[in-house]
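Scroll down for the structure; my scribbles are underneath it.
Reminder, nothing fancy here: chain letters follow the sequence lines and each chain counts from 1.
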Protein chains: 2
Amino acid sequence: MLKGRHIVLVEDDEIMGGSIYQRLRLEGAVVHWVKQVARAVGAIRTPGHPVDAVVCDIRLPDGSGEDLFFRLSDSVSLPPFLFVTGHGGVDQAVRLMRAGAADYIQKPFEMSAFLQRLSLLVGAGSSEIDHFVGISAAATAVEDLVRRAAQVNQPAMIRGEHGTGKGRIARALHGLSADRAQGFHEVDFAKQGASLIFDRLMPDAEGTALVGSGGTIFLNALARMPREAQDRLAEALERDPLRARLISACGREMDQALADGAFRADLFYKLDVIDIPVPPFRDRPDDAIWLMMRLFEAKNADRDPPLAGISARTEEAMRAHVWPGNGRELRSRVIRGLEMARGTLLMPADVFPDRPEVAETRAELPSLATVRDAAERRQILLALETTGGQVGEAARLLQVSRTTLWEKMQKLGI
Amino acid sequence: MLKGRHIVLVEDDEIMGGSIYQRLRLEGAVVHWVKQVARAVGAIRTPGHPVDAVVCDIRLPDGSGEDLFFRLSDSVSLPPFLFVTGHGGVDQAVRLMRAGAADYIQKPFEMSAFLQRLSLLVGAGSSEIDHFVGISAAATAVEDLVRRAAQVNQPAMIRGEHGTGKGRIARALHGLSADRAQGFHEVDFAKQGASLIFDRLMPDAEGTALVGSGGTIFLNALARMPREAQDRLAEALERDPLRARLISACGREMDQALADGAFRADLFYKLDVIDIPVPPFRDRPDDAIWLMMRLFEAKNADRDPPLAGISARTEEAMRAHVWPGNGRELRSRVIRGLEMARGTLLMPADVFPDRPEVAETRAELPSLATVRDAAERRQILLALETTGGQVGEAARLLQVSRTTLWEKMQKLGI
DNA sequence: GGGGGATGTTCGGAAATCCTGACAGCCTTC
DNA sequence: GAAGGCTGTCAGGATTTCCGAACATCCCCC
């Protein structure tokens, strides 16, 4: 149960901490042991890997575990917390449980019981949400939208550049909907013979159609839908509400098609009830890294010998790349990189053989202060942009005081 | 808040039971005192009256309160359980809380604290009285006022901030009045076309009007009533007492409208015979909790999977919130929170993703600290890689001291 | 087995950062 | 033209961060 799970252990006592640490390691968990509240905040809020559970002592040198929990519970959605303490009482236990702690164990305890209860949380912990777009804020927003769209039977339109995984999102939407058992029918107008498939889906003169009873019709590359098919669909929608769920996907080229009349505007608006915009990878580098990790894990296992990991510089290079081909490009780059890699790590040169300059950055690294400032600067600008230049509002978004933000803006020259 | 509530008290100790029983009676609760598990099962599962809460001892002559709880928890919906015990320990408390008990108090306890915690639970449960404003003293006062207003046919004026549910109160008043069958006609002057609707309600030159025979006219956003309509209404009132019941609603802006003459003072006083002031949510946090509970119960049932409950921290945060948007804001927050929640409880971060009072949803940004940490983490990894894992060397590259780098690595879990 | 160098860790003080609070302008909006 | 909301600015104090110093280890190489 615990194998491969990421667990943060917050415990200052050497003996106790050591024994828990050892045991969890033995069980195959990846344990991050911190001894102070301040450390724990960072480890839980900005983890290198999603945290599956937190095992937390109450009495700590620089504060209490309770403080830690309350502080975090205001700002982020938390992994399950298991409190472990020798000094607590019923009141504390009840208070914490009511506040949302997952479990509470008194010292001394049986290690086996402890492990069992921890496994329970980890198993239940839905911190491993089923991501199908990515882990960035933008991606989870899209996922939420898809989930909601799946609840109502309204035509949905997925809009995004090439390779952003519109097809996969459509399939996910179908899979989340109530009548997922009813079949998923894709018509890709970028392919030959799309019209034939489409014809079988639409009601004919006698009103019979393949999808009369439900299911999902996915119209891919909608902008290239033939005019004649558009007319038939519009007419079918007009005559009688379709039983099937309609999902369509298109890219930037739809603007053009609408402008020059190649696509009927009235039909477009009928299909665009729920709009699901998928941002390109260049706007969400975290997802590029996430997707790379997934691909790496999947494909590296087949490799002989498997690589030990991914160079941090590769991540850096991916973050900087603009991804004109989005997910499709990423996929092919990673797979090719895995084949080409010679050392033990996946290096930038493996993934970007076409960009020799990424390999050469050996000498000097920007200092920590530099990148920190750069990151802050980017974020501040982003916040200011979303608030339309309102400083106070931006400060709230960034969770600093207005004065601090002002100071930083002075310092960074914004 | 216990007045009129039905509470089952399960306690075998005469002294303890008697004292609780007396006190609860004093508070106005209807208490059903049983001294055995067997009796309690019946009293709770097949009560003569819906039970609002159960106060339960653990050690009982024919079993334990824990058994009672587990036995009942198989059946459908349990009232909130508050356990009271002198012998229990942390383990028991945690076990019960995890199983869904609402609270757990150790003997001996302060009676006042006990009552407070019990009230909290009871507030959550649905009550016998048909509340439509809230459960706080202020809200029940408003409800009483509405009930009385329904008895007499005098113009009533509901005054309250945006989102305090003035429309709902008006409808409730209508529903409580004798001629509720006569129809309810709303004219919302904040909306387009209000004047047209208004015209059809007012007697014309021939003295005929839509509401000549009764019913209720509800003038919403009264302060924005056009001057011309004011004149017509004043005239109609002057000429002949209207058959219909008049309810109007306005907010703070009416003071302004009266001051600068945008609203006729004479008309205002004619409409303000029965004054129903609705206090804002910030002045009655109990109602915020109550409304949240109602919404939670209603919407959580549709959720998949349903949440187990609401974190005590969330209640606390709601209590502290000022609710600039009052009920409307609360509603949208709770509904969004239910969508966003990831764990098993509704946490503060779900309901208040934006810390302070921003009424509308705002795309949440990672905090400055988060991106700063993330940037540092990346750079540190990069440096460590280029130095081949040599910490001291990496520190030099990053231009920080070795100690600092070590600290950061601790904090970030590297 | 004994340096030498690197790391893991703690400590105390200096330096910075951040927050609260306050006040003055400078806009809108009544 | 008064009020209220927002920004620019500053001060003072509480925290946090950062650094240098200091040990104890640990490992490698001689």
Nearest to side-chain heavy atoms of [X], which nucleotide of [options]:
{"X": "A:R372", "options": "C:dC19, D:dG8, D:dC18", "answer": "D:dC18"}
{"X": "A:Q410", "options": "D:dT9, C:dT7, D:dT7", "answer": "D:dT9"}
{"X": "A:E407", "options": "D:dC19, C:dT7, C:dC18", "answer": "C:dC18"}
{"X": "B:W406", "options": "C:dT9, D:dT17, D:dT9", "answer": "C:dT9"}
{"X": "A:T403", "options": "C:dC18, D:dT9, D:dC19", "answer": "D:dT9"}

5' priority, DNA chain C, between A:V400 and A:R39 [closest heavy atom]: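 Residue closer to the 5' terminus by nearest nucleotide: A:R39.
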In whole Å, I'd like the distance from the [atom1] atom of [X] to the [atom2] atom of [N].
{"X": "B:D255", "N": "C:dC30", "atom1": "CG", "atom2": "P", "value": "15 Å"}
{"X": "B:L405", "N": "C:dA6", "atom1": "CG", "atom2": "P", "value": "15 Å"}
{"X": "B:Q390", "N": "C:dG4", "atom1": "CD", "atom2": "P", "value": "19 Å"}
{"X": "A:M409", "N": "D:dT7", "atom1": "CE", "atom2": "P", "value": "9 Å"}
{"X": "A:D62", "N": "C:dC11", "atom1": "CG", "atom2": "P", "value": "12 Å"}
{"X": "A:E14", "N": "D:dT25", "atom1": "CD", "atom2": "P", "value": "13 Å"}
{"X": "B:M254", "N": "C:dC30", "atom1": "CE", "atom2": "C1'", "value": "16 Å"}
{"X": "B:L398", "N": "D:dT17", "atom1": "CG", "atom2": "P", "value": "17 Å"}

B:R284 NZ/CZ over B:F281 ring centroid, <6.0 Å and within 45° of normal: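 Yes, cation above the ring, under 6.0 Å and within 45°.
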For DNA chain C, the residues among residues 374-383 of chain B that have a non-hydrogen atom under 4.0 Å from it: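 Of all residues in residues 374-383 of chain B, none places a heavy atom under 4.0 Å from DNA chain C.
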Whether A:F114 and A:F109 hold their rings parallel, tilted or perpendicular, with breakpoints at 30° and 60°: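 Because their plane-to-plane angle is under 30°, the rings of A:F114 and A:F109 count as parallel.
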Within the structure, does a side-chain N or O atom of [X] lie under 4.0 Å from either OP1 or OP2 of [N]?
{"X": "A:K408", "N": "C:dT17", "value": "no"}
{"X": "B:K411", "N": "D:dT17", "value": "yes"}
{"X": "A:T404", "N": "C:dC18", "value": "no"}

Short side-chain to backbone donor-acceptor contact, B:Q379 and B:L398, under 3.5 Å: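 Absent.
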Worked check of salt bridge (Lys or Arg N to Asp or Glu O under 4.0 Å) between A:D62 and A:R39: CA-CA 10 Å; A:D62 64 334; A:R39 299 276 154 77; over 6 Å; no
Test log, rule side chain to side chain donor-acceptor pair (under 3.5 Å), inputs B:D287 and B:S136: CA-CA 6 Å; B:D287 290 341; B:S136 67; 2.7 Å; yes
Under 3.5 Å donor-acceptor pair, A:R402 side-chain atoms to D:dG8 base atoms: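 By the distance-only test, yes, there is a pair.
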Salt bridge B:E407-B:K411, side-chain N to carboxylate O under 4.0 Å: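 No, no charged N to carboxylate O under 4.0 Å.
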Lys/Arg N to Asp/Glu carboxylate O, A:R59 vs A:D13, below 4.0 Å: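 A:D13 and A:R59: not salt-bridged.
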Worked check of side chain to side chain donor-acceptor pair (under 3.5 Å) between A:Y21 and A:E11: CA-CA 10 Å; A:Y21 180 79; A:E11 167 67 87; over 6 Å; no
